[in-house]
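Shown next, in structure tokens, is the structure this report addresses.
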Amino acid sequence: MLVDTHIHLADDAYLDILDEVIEEARGRFKSIIVSGVDYKTSLDAIRLAERYDFLYASIGLHPQEVTKLENLAWIKELAKHEKVIAIGEIGLDYYWDEQYKDFQKELFIKQIKIANELDLPVVVHSRSAHQDTFDILKTHKTKGVLHCYSGSVELAREYTKLGYYIGIGGVVTFKNAKTIKEVVSDIDLKYLLTETDGPYLTPHPYRGKVNRPIYIEYVISEIAKLKNKTKNEIEEKIYNNYLELFGGTNEEI
Ligand SMILES: [Zn+2]
């Protein structure tokens, strides 16, 4: 069974194709985690998860949404919902928002604390902020996944030493994506997870189109190739990893 640990299904890109995208994944997927980036999209993610049995929600405030310090009481409130199984996406993004670094860090740490309090894993976004993200996740120990990991092999090793998982998406299928291919080859399979990050980062040969969970088949193929294992072996192992990280939470999965 496949798992998609990160997708923005409430995004407008899916408006006209949502049922089709979900139905084509039915029976093939054990779980698809719909991610919010703020209060509204977190609520949207929960609403979607209510409609489909194999959809779950991840709620939180994305670093790109941070322009001031905010009251995060809504996260604890929404997390009471039985289909909320993670806090995310949260993290640091200096690519878009260099000026709000301190707010980003503070809100990231606050959300890690909330996740720990609720015993939920975190789904972490890190862009152009690899060292700071690592430092925070080292100091404020929690459990979680580095979604759409884009750092170095060395850093990935450090993360796995701390027990964090590495999220692998469509980028690994791109011909020139040398580093992430190296990461997949190097890192123990027990730390890898699969995701779309849809609607973005669609794998080859659909690059440029709206991403769909079903395209994770291509990510699995690439991981199998890099690991010199069968697709079934990869799929099974990644599903186990998923259970390890997200299993013992609100919902019996
Ligand atoms: Zn995302």
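Only heavy atoms go into these numbers, but all of them, side chains included; no hydrogens, no water, no symmetry mates. We count ligands from 1, going down the list as the structure has it; atoms in each ligand are counted the same way. What you see is a predicted model, and the numbers here were worked out from it, not measured in a lab.
At least one N/O/S atom of His8, whether from backbone or side chain, sits less than 2.8 Å from the Zn ion (ligand 1). For the Zn ion (ligand 1), the set of nearby N, O or S atoms under 2.8 Å includes none belonging to His62.
A 6.0 Å sphere centred on CD of Glu182 holds more than 12 heavy atoms belonging to other residues, nucleotides or ligands. Glu24 CD: more than 12 foreign heavy atoms inside a 6.0 Å radius.
Between Tyr242 and Tyr165, the ring centre distance reaches or exceeds 6.0 Å.
In this structure, Glu244 does not pair ionically with Lys190, as no charged nitrogen and carboxylate oxygen lie closer than 4.0 Å.
Nearest to the Zn ion (ligand 1), among the N, O or S atoms that Asp197 has, is OD1. Restricting Glu89 to its N, O or S atoms, the one at the least distance from the Zn ion (ligand 1) is OE2.
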